[in-house]
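For reference, the structure discussed in these notes is given below.
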Amino acid sequence: MASDTPVRVRFAPSPTGRLHIGGLRTALYNYLFARKHDGDFVLRIEDTDQARYEPGAEEDIREALAWTGLEHDEGPEQGGDYAPYRQSERSGHYHEYAQKLVEAGRAYYAFDTEEELDDLRETHGAYDGSTRRQMRNSLTLSDEEVERLIDESDDYVIRLKVPRQESVQVEDEIRGTVSFDTSEIDDQVLMKSDGMPTYHLANIVDDHLMDISHVIRGEEWLSSTPKHVLMYDALGWEPPAFAHLPLILSPNGGKLSKRDANELGIPVYVTDYREAGYEPDALLNFLALLGWSPGTEEELFGLDDMIDAFSLDRVGASGVQFDLDKLRWVNEHSVRDLSVDALAERARPHVDAVGDEVGDERLRTICGLVQDRIQVVPEVVTDNRYFFEDPEEYEEEGVQKRWTDESADLLLAYADRLEAVDSFDTETVETELRDLADEKDVGAGAIIHPSRLAVSGRSYGPGVFGLLAAVGKEACLRRMRRAVETLG
RNA sequence: GCCGCGUUCGUCUAGGGGUCUAGGACGCCGGCCUCUCACGCCGGUAGCACGGGUUCGAAUCCCGUACGCGGUACCA
């Protein structure tokens, strides 16, 4: 990397769908690289495919990035020195340079119909240096004919004239030099018949015009990079540095799919992670570790720490499998770092969503009790149902282990004592229990465990005294007596 | 099929000719702590894809094979 040119990178998603988790990682690496080098991080919308355009997708992308905190310096909505940042608004540039390529003899008009192209693919293979002579294009037709065809119809494209049998070198920051033989490269369409550029043209024109210094993108682009290099060369432009990131794979192999989301619980879209209650900083931390290593034994990072530690040469080259357990582990640490108040605030929407009615004060109490027992915020309510409703059954294993012949009597006696008590706080509840244990000459555990079982239906969970206090006097008495009835 | 990229514990990775009887993390298993669970701490399990070279010496370099992934559109 030339250290004298300012670093400018871009994240260039296409609004054909919601932002994918892989896209977020690409954005993250771009962001880290930009911040690390005091450069600019640009958001560019690559909306050149009218057929696949999805309304709302750009909004989702913006929302997802905002949620994660990856702020860009320039983009469609806030503008910047290189505006506009939506390719559909930059048509003039693409036409201009497509024209230049034609004039320089590095591109040509092609008039072939879809049927002719299908036919070509079947009989000869690709539209390239070996077959273009047989096709209907400005290389084979007379100038007059070409002019007439262009005038008469809009149904033509501009194709890149790929030189025959040359070797093209791509310098990749992650993989080193990768070479391709131009005989393997077809005459890529640059301008589509609808007047829109293809990704390939738009991408290099914009990267050049926007002074992009480093193109950091997914590995799926590596194969088309030689085409881009050929175009930079034809236009007399210096290509940016390239870095192709390894792809994120499903634990089942292949790309992450909606099926992984359903079967493995791995969300595919960024906003789904928000919905699932993951902490954005944890997601970013996890994503950073997926394909990159700081070289130290540190694993838990804040964004700023990641920026400090980041470098492209520590990004791996092989595909990486998504590991939900690891994400949950990282998230668990983020949850634990939250203040109880913050956790309660985050839990609120999830509480409301399942229709539990609980005041802020009590929600904070509950959060305090479960904070280091959950990995993801919604577990405050999805696990730990006993805070909100009486247990419907008692964990069988727990009953076998903790419910003894004396449990019923002890629990009843405890319930009676609690009924007589005025304030039902953690200390009172504990004092009463210990006093009763002394009185009956049993270990505290003889009452503690049946109590937990009766009140929560489980043999595990928060400390009993906090648990009882949080559940409340009325419910505790009801549940204890009910447990004695059903467990005997 | 062809082209490209990749291959270290189940997973993410460190390591880039001797310091590697391969280090860390997640997961899993065991222990300690403890009213239970969880946290925390301690310990354990498990790996250089295979075959040839090069070298005094290879996880590290080269070649081949296998496997995986990507590309092969008027999609990005």
Side-chain angles (χ1 to χ4, degrees), chain A residues 12-17 46-53 87 110 112 114 117 121 125-127 155-159 170 172 174-176 178-181 183-186 188-200 202-203 217-226 244 246-247 249 251 253-255 286 289-300 314 316-330 332-333 336 369-375 398 401-402 430 433-434 437 443-449 451-453 456 458-465 467:
Chain A
S14 123
T16 51
E46 311 231 321
D47 54 348
T48 54
D49 187 343
Q50 300 182 317
R52 292 205 309 154
Y53 178 80
Q87 293 187 324
D112 314 275
E114 217 169 291
L117 290 174
R121 269 188 281 271
Y127 204 125
D155 204 19
Y156 60 87
V157 300
I158 294 178
R159 281 181 183 274
V170 172
D172 187 275
I174 293 170
R175 288 146 226 279
V178 181
S179 46
F180 298 84
D181 193 306
S183 63
E184 299 293 340
I185 304 172
D186 61 2
Q188 182 66 51
V189 168
L190 266 22
M191 272 293 184
K192 301 184 269 190
S193 56
D194 65 0
M196 292 290 259
T198 56
Y199 168 86
H200 306 284
N203 160 68
R217 75 228 302 188
E219 192 184 353
E220 72 267 31
W221 295 109
L222 184 56
S223 309
S224 39
T225 306
H244 290 92
L247 266 17
L249 274 20
K255 291 208 175 181
F286 165 72
L289 258 18
L290 212 53
W292 168 78
S293 156
T296 62
E297 291 187 350
E298 202 175 351
E299 302 245 32
L300 267 6
R314 296 205 66 88
S318 45
V320 290
Q321 277 187 34
F322 193 99
D323 181 356
L324 226 210
D325 283 331
K326 185 78 175 249
L327 201 215
R328 291 174 58 81
W329 174 77
V330 176
E332 174 186 321
H333 286 272
R336 219 175 302 149
L369 292 174
V370 302
Q371 184 161 27
D372 60 6
R373 266 168 266 261
I374 60 173
Q375 291 189 295
K401 192 169 173 195
R402 305 294 189 185
E430 173 160 12
L433 188 144
R434 297 206 184 275
I447 313 175
I448 284 174
H449 300 299
S451 294
R452 175 182 290 106
L453 209 43
S456 72
R458 296 173 172 182
S459 63
Y460 56 92
V464 250
F465 308 119
L467 169 71

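Just so we're clear, the structure is a prediction, and the values are computed from it rather than from any experiment. Letters go in sequence order (proteins before strands), and every chain restarts at 1.
- Between A/Lys192 and the phosphate of B/A73, there is no side-chain N or O to OP1/OP2 separation shorter than 4.0 Å.
- Here A/Ala317 lies in heavy-atom contact (under 4.0 Å) with sugar-phosphate atoms only.
- Between A/His244 and A/Ser223 the shortest side-chain heavy-atom distance does not fall below 4.5 Å.
- Side chain of A/Arg314 to main chain of A/Trp292: no donor-acceptor pair is present (N/O by atom type, distance under 3.5 Å, no hydrogens or angles).
- We find that CG of A/Leu290 is positioned 6 Å from P of B/U13, with the value rounded to whole Å.
- Taking the side chain of A/Asp372 as heavy atoms from C-beta on, and the options B/A76, B/A38, B/G10, the nearest nucleotide is B/A38.
- Here the side chain of A/Thr16 pairs no donor or acceptor atom with the backbone of A/Arg52 at under 3.5 angstrom.
- A/Arg159 has a side-chain polar atom (N or O) that falls below the 4.0 Å cut-off from OP1 or OP2 of B/C74.
- Look at B/C20: it lacks any Watson-Crick or wobble partner with both distances under 3.5 angstrom.
- Within 4.0 Å (heavy atoms only), A/Ser451 reaches no atom of the nucleic acid at all.
- Residue A/Gly445 is classed as having no contact, given no heavy-atom separation below 4.0 Å to the nucleic acid.
- Summarising the geometry, the separation between CD on A/Glu184 and P on B/C3 is reported as 6 Å, rounded to the nearest angstrom.
- Between A/Trp221 and A/Tyr199, the ring-plane angle classifies as parallel under the 30° and 60° cut-offs.
- Contact annotation: A/Arg336 side-chain N/O to B/G40 OP1/OP2 distance is under 4.0 Å.
- Straight-line distance from the CD atom of A/Gln371 to the P atom of B/A38: 17 Å, rounded to whole Å.
- Across the protein-nucleic acid pair, A/Arg373 atom CZ and B/U34 atom P stand 16 Å apart, rounded to whole Å.
- Judged by Watson-Crick or G-U wobble contacts below 3.5 Å, the nucleotide B/C39 has no partner.
- When heavy atoms are screened at a 4.0 angstrom cut-off, A/Phe322 is found touching no nucleic acid atom at all.
- When Watson-Crick and G-U wobble pairs are counted only if both distances are under 3.5 Å, B/C2 pairs with B/G71.
- Under the Watson-Crick or G-U wobble criterion, with both distances below 3.5 Å, B/U7 is paired with B/A66.
- Applying the 4.0 Å criterion to OP1 and OP2 of B/C28, one finds that A/Lys326 has every side-chain N and O outside that range.
- Residue A/Ser318 is classed as a sugar-phosphate contact, given heavy-atom separations below 4.0 Å to backbone atoms only.
- Remark: the A/Arg175 side chain and the B/C5 base include no donor-acceptor N/O pair separated by less than 3.5 Å.
- Remark: P of B/G68 and CG of A/Leu247 are 16 Å apart, rounded to the nearest angstrom.
- At whole-Å resolution of the value, CG in A/Asn203 and P in B/C74 are 17 Å apart.
- Look at B/A59: it lacks any Watson-Crick or wobble partner with both distances under 3.5 angstrom.
- In this structure, A/Pro226 reaches neither bases nor backbone, as no heavy-atom distance under 4.0 Å exists between it and the strands shown.
- No contact: A/Thr296 has no heavy atom under 4.0 Å from any strand.
- Along RNA chain B, the nucleotide closest to A/Pro462 and the one closest to A/Tyr199 are compared, and the more 5′ of them pairs with A/Pro462.
- Rounded to whole Å, atom P of B/U72 lies 9 Å from atom CH2 of A/Trp221.
- Across the protein-nucleic acid pair, A/His244 atom NE2 and B/C3 atom C1' stand 15 Å apart, rounded to whole Å.
- Which of B/G40, B/A73, B/G4 sits closest to the side chain of A/His333 comes down to B/G40.
- Between A/Arg314 and B/G15, a side-chain N or O to OP1/OP2 separation shorter than 4.0 Å is present.
- For A/Phe465, the listed nucleotide lying nearest its side chain is B/C35; candidates were B/C35, B/G71, B/C5.
- Using a 4.0 Å heavy-atom distance criterion, A/Val157 is classed as a base contact.
- Nucleic acid contact class of A/Gly254 (heavy atoms, under 4.0 Å, all strands): sugar-phosphate only.
- The nearest heavy atom of RNA chain B to A/Tyr460 and to A/Thr16 marks one nucleotide each, and the one closer to the 5' end goes with A/Tyr460.
- Residue A/Val464 is in base contact, counting any heavy-atom pair closer than 4.0 Å across all strands shown.
- Nucleic acid contact class of A/Arg328 (heavy atoms, under 4.0 Å, all strands): none.
- Residue-level contact check: A/Asp47 touches neither bases nor backbone, having no heavy atom under 4.0 Å from any strand.
- For A/Arg452 against B/C37, no side-chain N or O and base N or O form a donor-acceptor pair under 3.5 Å.
- Counting any heavy atom pair closer than 4.0 Å across all strands shown, A/Gly125 reaches no nucleic acid atom.
- Remark: B/C33 base-pairs with no nucleotide; criterion is Watson-Crick or G-U wobble with both hydrogen-bond distances under 3.5 Å.
- Residue A/Thr48 places none of its side-chain N or O atoms closer than 4.0 Å to OP1 or OP2 of B/C75.
- Counting only distance, with no hydrogens or angles, the side chain of A/Asp47 and the backbone of A/Tyr53 share no donor-acceptor pair below 3.5 Å.
- Nucleic acid contact for A/Arg402: sugar-phosphate only, since backbone atoms but no base atoms lie under 4.0 Å from a heavy atom of the residue.
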